[in-house]
Enquirer: 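Questions regarding the structure given below will be posed in turn.
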Number of protein chains: 2
Amino acid sequence: MVYGGCVPAHRPARIGFLLSQLGAHAAARFDDGVSSLGLTPQQAGVLRILGRSPGVSQRDLAERLGIVQSRMVALIDGLESLGLVARSRSATDRRSYRLELTDAGRDRLADVRRIAERTEAGLTAALTAKQRDDLYGSLRMLATSLGLDEDVHIGFRADG
Amino acid sequence: MVYGGCVPAHRPARIGFLLSQLGAHAAARFDDGVSSLGLTPQQAGVLRILGRSPGVSQRDLAERLGIVQSRMVALIDGLESLGLVARSRSATDRRSYRLELTDAGRDRLADVRRIAERTEAGLTAALTAKQRDDLYGSLRMLATSLGLDEDVHIGFRADG
DNA sequence: TATTGTTATACTCTATAACTATA
DNA sequence: TATAGTTATAGAGTATAACAATA
């Protein structure tokens with residue numbers, strides 16, 4: 001028995017519930033933050049991926065974000081009309097676009113990262129630095145063991 | 001400096017993202033489970049609360065679950081037609097209902113708890129018992145520090 | 001006058017499938 | 001024939017606000 005004595009061997013299942021509850025809360029706080037930039041969490045996710053992988057197509061992007069191709073159209077339309085993303089035709093396959101951040105898009109991505117760090121700080125304010133690192137390690141191990149991709153994130157939305 | 005050396009002092013914000021990602025995954029797995037019982041996660045949530053607090057009104061229930069009163073009507077209608085929940089008029093205030101589990105409802109609640117434990121086991125299979133307990137402690141501390149209620153759970157839904 | 005439960009309506013978000021242009 | 005992008009439409013889920021019965 002590894003249990004330290006303060007936790008019953010048949011403790012009710014709570015980690016799943018807490019993860020779901022905290023995850024919804026974290027997503028809502030991030031939504032609050034990017035809303036102040038005039039962005040949705042989905043738009044922020046597109047900026048993040050384009051920052052790391054310039055030149056991807058709408059189809060690639062849709063697959064990485066776990067959404068349908070047809071939804072990507074309006075998503076990129078919006079970012080393009082904000083001047084944050086630019087479409088150009090691929091030289092090798094004229095059916096597909098090369099998507100890239102504009103200079104303004106790179107600036108906005110930096111804003112998004114600041115928002116993410118501020119959200120993170122607000123979430124974990126009650127933890128010590130060691131607790132934060134341990135938690136990060138456990139969550140990473142969980143995500144890896146469950147085969148969750150670094151980008152794909154079906155649930156990153158507001159939910160109130 | 002408390003950092004152990006393996007984590008940079010300016011590590012990017014990831015705990016919020018991981019919480020949101022894992023939370024969505026946990027909710028989706030729980031949804032899979034209760035779907036096999038013919039229930040939605042919301043219906044399962046109602047059963048859970050009624051198991052602990054028999055006799056509450058629809059309004060109380062709506063507030064605890066963080067949803068609107070008007071949505072509760074169809075939710076209870078469904079559970080009533082499944083024979084899992086019973087409405088009776090309150091003796092002291094004939095505007096409101098007393099909501100209670102039926103015998104079948106109690107049986108189904110036991111099924112839901114089994115599903116929750118199975119989901120939990122699947123989620124945390126990669127962790128040692130000590131890691132599980134530490135993680136549980138950290139998540140509890142987070143939820144408490146953020147003022148998250150034990151019942152209210154705006155994000156417990158499918159998301160695919 | 002305020003509150004519980006109810007209903008009707010409208011709105012948001014999303015997937016599906018049909019369409020075009022290129023390959 | 002298959003694929004990238006596009007469009008139109010329909011469906012699910014939701015909140016909003018007006019209503020009846022009771023306090």
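Just so you know, these numbers use all the heavy atoms, side chains as well, and skip hydrogens, waters and symmetry mates. Convention: sequence-line order gives letters A, B, ...; per-chain numbering from 1.
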Enquirer: Taking for each residue the nucleotide of DNA chain D with the nearest heavy atom, is it Met72(A) or Ala91(B) whose nucleotide lies nearer the 5' end?
Expert: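 The residue mapped nearer the 5' terminus is Met72(A).
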Enquirer: Heavy atoms only, 4.0 Å cut-off, all strands: where does Ser90(A) land among base, sugar-phosphate and nothing?
Expert: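 Nothing, no heavy atom under 4.0 Å.
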Enquirer: For Arg98(B), is there an ion pair with Glu100(B) - N to carboxylate O distance below 4.0 angstrom?
Expert: yes
Enquirer: Between atom CG in Asp31(B) and atom P in dA12(D), what is the gap in whole Å?
Expert: 16 Å
Enquirer: Take atom CZ of Arg59(B) and atom C1' of dA2(C), then tell me their distance rounded to the nearest Å.
Expert: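 It is 11 Å, rounded to the nearest whole Å.
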Enquirer: For dT6(D), take OP1 and OP2 only and decide whether either is under 4.0 Å from a side-chain N or O of Gln58(A).
Expert: yes
Enquirer: Check the phosphate of dA23(D) against Arg95(B), side-chain N and O only, distance under 4.0 Å to OP1 or OP2. Yes or no?
Expert: no
Enquirer: Taking the six-membered ring of Tyr97(A), is NZ or CZ of Arg89(A) closer than 6.0 Å to its centre and within 45° of its axis?
Expert: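 The answer is yes, since Arg89(A) meets both limits relative to Tyr97(A).
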Enquirer: dT7(D), dA15(D), dG5(C): which one has an atom nearest the side-chain heavy atoms of Val73(A)?
Expert: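 The answer is dT7(D).
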Enquirer: Choose from dT14(D), dA15(D), dT6(C) the nucleotide whose nearest atom is closest to any side-chain atom of Gln69(B).
Expert: dT6(C)
Enquirer: Take atom CZ of Arg94(A) as the centre, draw a 6.0 Å sphere, and report whether it contains more than 12 heavy atoms from other residues, nucleotides or ligands.
Expert: no
Enquirer: Rounded to the Å, how far apart are Leu65(A) CG and dT14(C) P?
Expert: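 My rounded result for the distance is 12 Å.
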Enquirer: Grab the CD1-C1' distance between Ile76(A) and dG5(D) for me, whole Å please.
Expert: 12 Å
Enquirer: Roughly, in whole Å, what's the span from CG in Leu75(A) to P in dT7(D)?
Expert: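 After rounding, the gap between these two atoms is 15 Å.
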Enquirer: May I ask you to verify if any side-chain N or O of Tyr97(B) is less than 4.0 angstrom from the OP1 or OP2 atom of dT6(C)?
Expert: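 It does, given that an N or O in the side chain of Tyr97(B) lies less than 4.0 Å from OP1 or OP2 of dT6(C).
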Enquirer: How is Arg87(B) classified with respect to the nucleic acid when contacts are heavy atoms under 4.0 Å: base, sugar-phosphate, or nothing?
Expert: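 Sugar-phosphate only.
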Enquirer: For DNA chain D, whose closest nucleotide is more 5', that of Ser70(B) or that of Asp77(A)?
Expert: Asp77(A)
Enquirer: Any ion pair linking Lys130(B) and Asp134(B) (charged N to carboxylate O, less than 4.0 Å)?
Expert: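 Counted as a salt bridge, because a side-chain N and a carboxylate O are separated by less than 4.0 Å.
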Enquirer: Given atom CD1 of Ile67(A) and atom P of dC13(C), what is their separation to the nearest angstrom?
Expert: 13 Å
Enquirer: Check the distance between dA23(C)'s C1' and Arg89(A)'s CZ and give it to me in whole angstrom.
Expert: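 The distance from CZ of Arg89(A) to C1' of dA23(C) comes to 13 Å, rounded to the nearest Å.
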Enquirer: Measuring to OP1 and OP2 of dA15(C), would you say a side-chain N or O of Arg71(A) lies under 4.0 angstrom away?
Expert: yes
Enquirer: Distance check needed: dG5(D) C1' versus Asp93(A) CG, whole Å only.
Expert: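 Value for this atom pair: 11 Å.
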Enquirer: Does a side-chain N-to-carboxylate-O contact under 4.0 Å join Asp103(A) and Arg108(A)?
Expert: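 Here Asp103(A) does not pair with Arg108(A) in a salt bridge, since their nearest N and O are not under 4.0 Å apart.
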